[in-house]
Amino acid sequence: MKKTIVITGAGGVLCSTLAKALAKKGHKIAVLDLNLEVAEQVASEINNEGGKAIGILANVLEKESLEMAKMKVNKILGSCDILINGAGGNHPFGTTSNPFLQVEDLRNKTEGFKTFFDLDPSGIQFVFNLNFIGTLLPTQIFAQDMVGREGCSILNISSMNAFTPLTKIPAYSGAKAAVSNFTQWLAVHFSKVGIRVNALAPGFFLTEQNRTLLTNPDGSLTKRGQQIIDQTPMGRYGKPDDLISTTLYLCDDASSFVTGVVIPIDGGFAAYSGV
Ligand code: NAD
């Protein structure tokens, strides 16, 4: 069955790939993003390939903005059948400079060096809001279309670090753990009204956001980049296309009895103890 699919953050690297893949299957796609220009670009690429999409400006942190977006979706594409909560990310203010606190870090502090004690609550809040509230609010708005109808579902985007936190990024790790937990909570809460709720937990995908953390200007891997590859049994970063088949499955009636799962797509990272 062809569906109307709303994807937040769909102007970004991973979700634009999912938007295009779902459009190729004949679904109508609402490409929502804080950046209207990229949303319209993705929508026009889909339309040029013979699909059906519209780009819409929407801030996942503002109810009014989401309500406006919903009105446009309903008018042009019909009721929302599937919501993919893709908007998310990290912020440098919620990140420590070093993986481990050392006594010397406190004694010889250099300008710009950030220990746990320097973390700015506003940075932590930004990350929690973007990832968690930015998943909850769009769900409050768009899931209203789904209640009591057949074949509706929600797909959240969690992360590898929701299972075991990565060093240096406590805010992002905690926020994604909240997204995974919320996925299970919502799956139970919506179980009587026909809405399935699942999540992807992508491992490490080389994107613009993390490129400078993981690669040097000459393309070689940074120390952290190499650590990730060493800890990934399949020995490579993920490619956005690696997320497609699981997304198609979770958005399709083929997974009609699957709800409340968080599926790692990580080349074995989460399964590997490192020994
Ligand atoms: P990206 O930065 O390429 O895309 C994110 C998009 O969200 C951008 O287009 C941005 O404009 C939009 N956005 C930001 N704030 C918004 C807001 N308030 N309202 C609406 N849109 C907003 O990121 P990506 O790498 O494609 O990541 C997509 C999702 O996957 C995120 O939730 C991210 O946390 C998650 N994820 C990414 C990776 C990775 O390795 N890239 C790994 C695990 C999980």
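Reckoned from all heavy atoms, side chains included, excluding hydrogens, waters and symmetry mates. Counting convention: from 1, in listed order, for ligands and their atoms alike.
Contacts of Leu206 with ligand 1, taken as heavy-atom pairs under 4.0 Å, are absent altogether. Residue contacts with ligand 1 for Lys176 involve side-chain atoms from C-beta outward but no N, CA, C or O (heavy atoms, distance under 4.0 Å). Residue contacts with ligand 1, taken as heavy atom pairs separated by less than 4.0 Å, involve Asn210 solely via side-chain atoms from C-beta onward. Heavy atoms of Thr207 found under 4.0 angstrom from ligand 1 belong exclusively to the side chain. Within the 4.0 Å heavy-atom criterion, neither part of Ala10 lies near ligand 1. Counting heavy atoms closer than 4.0 Å to ligand 1, residue Ala58 contributes backbone atoms (N, CA, C, O) but none from C-beta onward.
When each atom of ligand 1 is checked for a heavy atom of Asn59 under 4.0 Å away, the hits are 17 (C), 18 (N), 19 (N). Near Leu130, with a cut-off below 4.0 Å to any heavy atom, the atoms of ligand 1 are 15 (N), 16 (C), 18 (N). Within ligand 1, counting atoms from 1 as listed, the ones closer than 4.0 Å to a heavy atom of Ser158 are 44 (C). Close approach of ligand 1 to Gly86 is summarised as follows: ligand atoms under 4.0 Å from at least one heavy atom of the residue are 28 (C), 29 (C), 31 (C), 32 (O). If you number the atoms of ligand 1 from 1 as listed, the ones under 4.0 Å from a heavy atom of Val13 come out as 3 (O), 26 (O). Those atoms of ligand 1 with a heavy atom of Gly88 less than 4.0 angstrom away are 31 (C), 32 (O), 34 (O).
Atom CD of Glu64 has 12 or fewer neighbouring heavy atoms from other residues, nucleotides or ligands inside a 6.0 Å radius. Within a 6.0 Å sphere centred on CZ of Phe128, heavy atoms belonging to other residues, nucleotides or ligands number more than 12. Sparse packing is recorded around CD of Glu150, with 12 or fewer heavy atoms of other residues, nucleotides or ligands lying under 6.0 Å away.
Not a single heavy atom of Glu62 lies less than 4.0 angstrom from ligand 1. Using a 4.0 Å heavy-atom cutoff, Tyr172 is listed among the residues neighbouring ligand 1. Residue contact annotation: Thr8 has no non-hydrogen atom under 4.0 Å from ligand 1. Residue contacts with ligand 1 include Gly89, since one of its heavy atoms falls under 4.0 Å from the ligand. Residue contacts with ligand 1: Ser16 is excluded, as none of its non-hydrogen atoms falls under 4.0 Å.
If you run ring pair (Phe, Tyr, Trp, His ring centres under 6.0 Å) between Phe132 and each of Phe182, Trp185, Tyr172, only Phe182 comes through. Checking each of Asp252, Asp253, Asp81 against Lys3 for a salt bridge (charged side-chain N to carboxylate O under 4.0 Å, His left out) leaves exactly one that passes, namely Asp253.
Considering only non-hydrogen protein atoms, atom 9 (O) of ligand 1 sits nearest to Asp33 OD2, 2.7 Å. Of all protein heavy atoms, the one lying nearest to atom 26 (O) of ligand 1 is Leu14 N, 2.8 Å. Of all protein heavy atoms, the one closest to atom 4 (O) of ligand 1 is Gly12 CA, 3.2 Å. Of the protein's non-hydrogen atoms, the one nearest atom 42 (C) of ligand 1 is Gly203 O, 3.2 Å. Taking atom 19 (N) of ligand 1 as the reference point, the nearest protein heavy-atom neighbour is Val60 N, 3.0 Å. When hydrogens are left out, the protein atom nearest atom 2 (O) of ligand 1 is Gln209 NE2, 2.6 Å; that is the closest non-hydrogen contact. The protein atom (non-hydrogen) at minimum distance from atom 30 (O) of ligand 1 is Ile157 CG2, 3.3 Å. Scanning the protein heavy atoms around atom 22 (C) of ligand 1, the nearest turns out to be Leu34 CB, 3.6 Å.
A donor-acceptor contact under 3.5 angstrom links the side chains of Asp118 and Thr115, judged on distance only. Residues Arg149 and Ser79 bring no donor and acceptor atom of their side chains to less than 3.5 Å of each other. Remark: the Asn85 side chain and the Thr139 side chain contain an N/O donor-acceptor pair separated by less than 3.5 Å.
The shortest side-chain heavy-atom distance between Ile157 and Pro202 falls under the 4.5 Å cut-off.
Remark: the backbone N or O of Val258 is paired with a side-chain donor or acceptor of Asn198 at under 3.5 angstrom. Of the possible polar contacts, none joining the Lys24 side chain to the Gly51 backbone as a donor-acceptor pair under 3.5 Å is found. The closest donor-acceptor contact from the side chain of Asp145 to the backbone of Phe142 lies at 3.5 Å or more, if one exists at all. The backbone N or O of Leu34 sits nowhere less than 3.5 Å from a side-chain atom of Asn59 that would complete a donor-acceptor pair.
Remark: ligand 1 and Leu61 share no N or O pair separated by less than 3.5 Å (distance only, no angle test). Residue Phe205 has at least one N or O atom closer than 3.5 Å to an N or O atom of ligand 1. Looking at ligand 1, you won't find any N or O of Pro202 less than 3.5 Å from one of its N or O atoms.
Hydrophobic clustering, with ILVMFWY side chains joined whenever heavy atoms are under 4.5 angstrom apart, keeps Val179 apart from Leu166.
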Working note: Glu37 + Gln41, criterion side chain to side chain donor-acceptor pair (under 3.5 Å); need CA distance, chi angles, decisive distance, verdict. CA-CA 6 Å; Glu37 204 179 311; Gln41 175 65 33; over 6 Å; no

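Aromatic pair Phe269/Phe204: ring centres closer than 6.0 Å.
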